[in-house]
Amino acid sequence: MHIRKYCEGDRETVRRICCETGFLGNPIDTIYTDTELFADLFTDPYLEYEPGWALVAEVDGQVVGYLLGSANSHFSLTLMCCGLNTLTRMIFRLVTGRYNDHPRSKQFVRWVVAKGLKEQPKHPGNAAHLHFNLKKGFRGKMIAKQLWLTYEEMVKSASISRYYGKFFSYGRHRPELVYPRYGFKIFDRCETTMYQPEIQDAVHVVCVFKSLTTPELDAR
């Protein structure tokens with residue numbers, strides 16, 4: 001296993017893994033068939049603006065996971081601006097009948113429009129951000145840990161005092177019970193309806209952060 005910096009040739013693989021894991025670790029196409037725009041929504045804010053903060057994990061020369069990061073204190077603004085461009089295309093395809101054969105895709109677009117921003121937890125201010133995914137068959141093998149430890153060293157080198165990430169918590173899948181072992185603390189959590197009605201349990205988006213100097217935090 002090898003962790004290295006992202007390069008432009010990794011883009012399609014990263015986008016593919018994003019879609020293969022978009023439904024709580026499973027393919028997103030049962031919820032939203034437009035994998036092009038799904039990948040745009042969740043990877044473009046990183047790869048278009050801060051590709052230097054992205055990492056990939058290789059096993060036997062094959063990219064099996066990625067970590068996308070941002071060191072921009074205004075990342076939320078980047079996310080909104082970039083997302084608005086993608087959302088405009090989503091709405092255009094919705095009203096022109098692109099999703100007529102897949103009602104769940106229509107529901108997903110409506111969710112992004114009406115609730116996508118509302119159903120997000122608060123996060124620490126002046127902090128770096130990360131987001132990672134791994135292909136099935138490569139989870140639980142410490143690859144994710146190696147990705148974020150490599151990212152943590154990048155954060156330290158940039159003299160940034162803390163970083164945060166968000167993940168889904170539901171049913172017996174409670175990552176927030178594990179993260180404290182590695183120095184993370186829960187900052188906020190918010191229930192999301194993104195995966196209803198497929199998931200009957202309440203699903204929460206949990207924001208965790210790791211302070212590298214234990215400073216006071218301000219919510220944003």
Side-chain angles (χ1 to χ4, degrees), residues 6 8-51 54 56 63-68 70 75-121 123 129-137 139 165-171 173 175 189-207:
Y6 164 89
E8 184 60 27
D10 300 317
R11 180 182 287 262
E12 287 309 311
T13 302
V14 168
R15 289 170 58 85
R16 184 170 63 251
I17 294 174
C18 173
C19 295
E20 289 175 351
T21 59
F23 178 16
L24 301 175
N26 297 301
I28 193 60
D29 51 9
T30 57
I31 290 177
Y32 185 51
T33 56
D34 199 334
T35 54
E36 176 197 0
L37 293 190
F38 185 84
D40 286 351
L41 189 65
F42 288 99
T43 68
D44 278 2
Y46 305 93
L47 300 183
E48 291 294 324
Y49 294 90
E50 296 181 85
V56 296
V63 174
V64 300
Y66 62 81
L67 182 150
L68 306 182
S70 169
F75 176 70
S76 294
L77 183 60
T78 300
L79 196 64
M80 290 177 63
C81 292
C82 194
L84 182 61
N85 177 51
T86 303
L87 181 57
T88 300
R89 289 182 290 149
M90 283 181 163
I91 294 172
F92 176 78
R93 293 182 184 186
L94 173 69
V95 299
T96 55
R98 173 72 172 263
Y99 310 127
N100 284 349
D101 295 333
H102 196 259
R104 185 61 175 92
S105 290
K106 293 183 177 181
Q107 181 185 338
F108 178 78
V109 175
R110 294 188 183 106
W111 176 86
V112 174
V113 172
K115 300 179 179 180
L117 286 178
K118 295 178 183 177
E119 296 182 357
Q120 289 293 322
H123 61 78
H129 170 65
L130 66 83
H131 162 74
F132 63 82
N133 273 317
L134 294 172
K135 294 177 65 172
K136 274 189 175 180
R139 300 165 195 164
K166 299 177 184 179
F167 55 79
F168 294 104
S169 175
Y170 62 98
H173 182 76
R189 62 190 299 140
C190 179
E191 187 170 355
T192 180
T193 56
M194 179 178 178
Y195 299 115
Q196 290 181 0
E198 288 81 7
I199 304 297
Q200 297 301 312
D201 292 327
V203 179
H204 288 84
V205 185
V206 181
C207 175

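Here the structure is a predicted model, which is why all the values come from computation and not from measurement. Atom set for the values below is all heavy atoms of this structure, side chains included, hydrogens, waters and symmetry mates excluded.
Looking at heavy atoms from C-beta onward, H204 lies out of side-chain contact with T192 at the 4.5 angstrom threshold. Side-chain contact between P121 and K166 is present, with at least one heavy-atom pair separated by less than 4.5 Å. Looking at heavy atoms from C-beta onward, L87 lies in side-chain contact with V112 at the 4.5 angstrom threshold. A heavy-atom distance below 4.5 Å is found between the side chains of N133 and H131. Looking at heavy atoms from C-beta onward, T21 lies in side-chain contact with R139 at the 4.5 angstrom threshold. Under the 4.5 Å side-chain criterion, counting only non-hydrogen atoms from C-beta, M90 is in contact with L41. Residues T43 and F38 are not in side-chain contact: their nearest non-hydrogen atoms beyond the backbone lie 4.5 Å or more apart. Annotation: side chain of R15 is in contact with side chain of D40 (closest heavy-atom distance under 4.5 Å).
Here CG of N26 is found 13.5 Å from SG of C19. Values are rounded to the nearest 0.5 Å. Atom OG1 in T86 sits 11.0 Å away from atom CD1 in I91 (nearest 0.5 Å). Remark: T88 OG1 to L37 CG distance equals 10.5 Å, nearest 0.5 Å. Here the straight-line distance linking atom CZ of R89 with atom CG of L94 works out to 14.5 Å at 0.5 Å rounding. Separation of atoms NE2 (H102) and CD (Q107) is listed at 10.0 Å; rounding is to 0.5 Å. Atom CZ in R16 sits 11.0 Å away from atom OG1 in T35 (nearest 0.5 Å).
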Can you check side-chain contact (heavy atoms from CB on, under 4.5 Å) on C207 and R189, steps first, answer last? CA-CA 6 Å; C207 175; R189 62 190 299 140; over 6 Å; no

Is there a side-chain contact (heavy atoms from CB on, under 4.5 Å) between L68 and L130? Walk through the geometry before answering. CA-CA 6 Å; L68 306 182; L130 66 83; over 6 Å; no

Output, in order, the C-alpha distance, side-chain angles, deciding distance and verdict of side-chain contact (heavy atoms from CB on, under 4.5 Å) for V63 and I17. CA-CA 9 Å; V63 174; I17 294 174; 4.3 Å; yes

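For the residue pair S169 and V206, the shortest heavy atom distance occurs at CB-CG2, 3.8 Å. Closest non-hydrogen pair, C18 versus A39, comes out as SG-CA, 4.2 Å. For the pair P51 and E48, the tightest heavy-atom approach, listed with the atom from each and the gap, is CD-C, 4.4 Å.
F75 has its ring centre less than 6.0 Å from the ring centre of Y46.
A donor-acceptor pair shorter than 3.5 Å cannot be found between the side chains of D10 and Y66. Side-chain atoms of Y32 and Y99 form a donor-acceptor pair, as typed in the model, at a separation below 3.5 Å. Judged purely by distance below 3.5 Å, without hydrogens or angles, the side chains of T193 and E119 pair a donor atom with an acceptor atom. Remark: the W111 side chain and the Q196 side chain contain no N/O donor-acceptor pair separated by less than 3.5 Å. Side-chain contact, S76 with H123: a donor N or O sits under 3.5 Å from an acceptor N or O.
Of the possible polar contacts, one joining the Q200 side chain to the P197 backbone as a donor-acceptor pair under 3.5 Å is found.
Under 4.0 Å is where a charged nitrogen must lie from a carboxylate oxygen, and between K136 and E20 no such pair does. Ionic pairing of E36 and R93 is present here: one or more N-O contacts between side-chain nitrogen and carboxylate oxygen are shorter than 4.0 angstrom.
The residue from F168, Y195, Y170, F108 that alone fulfils the ring pair (Phe, Tyr, Trp, His ring centres under 6.0 Å) condition with F23 is Y195. When each of D29, T30, I31 is paired with P27, the side chain to side chain contact (heavy atoms under 4.5 Å, CB included) condition holds for D29 and for no other.
The number of heavy-atom neighbours closer than 6.0 Å to CG of N100, taken from other residues, nucleotides and ligands shown, is above 12.
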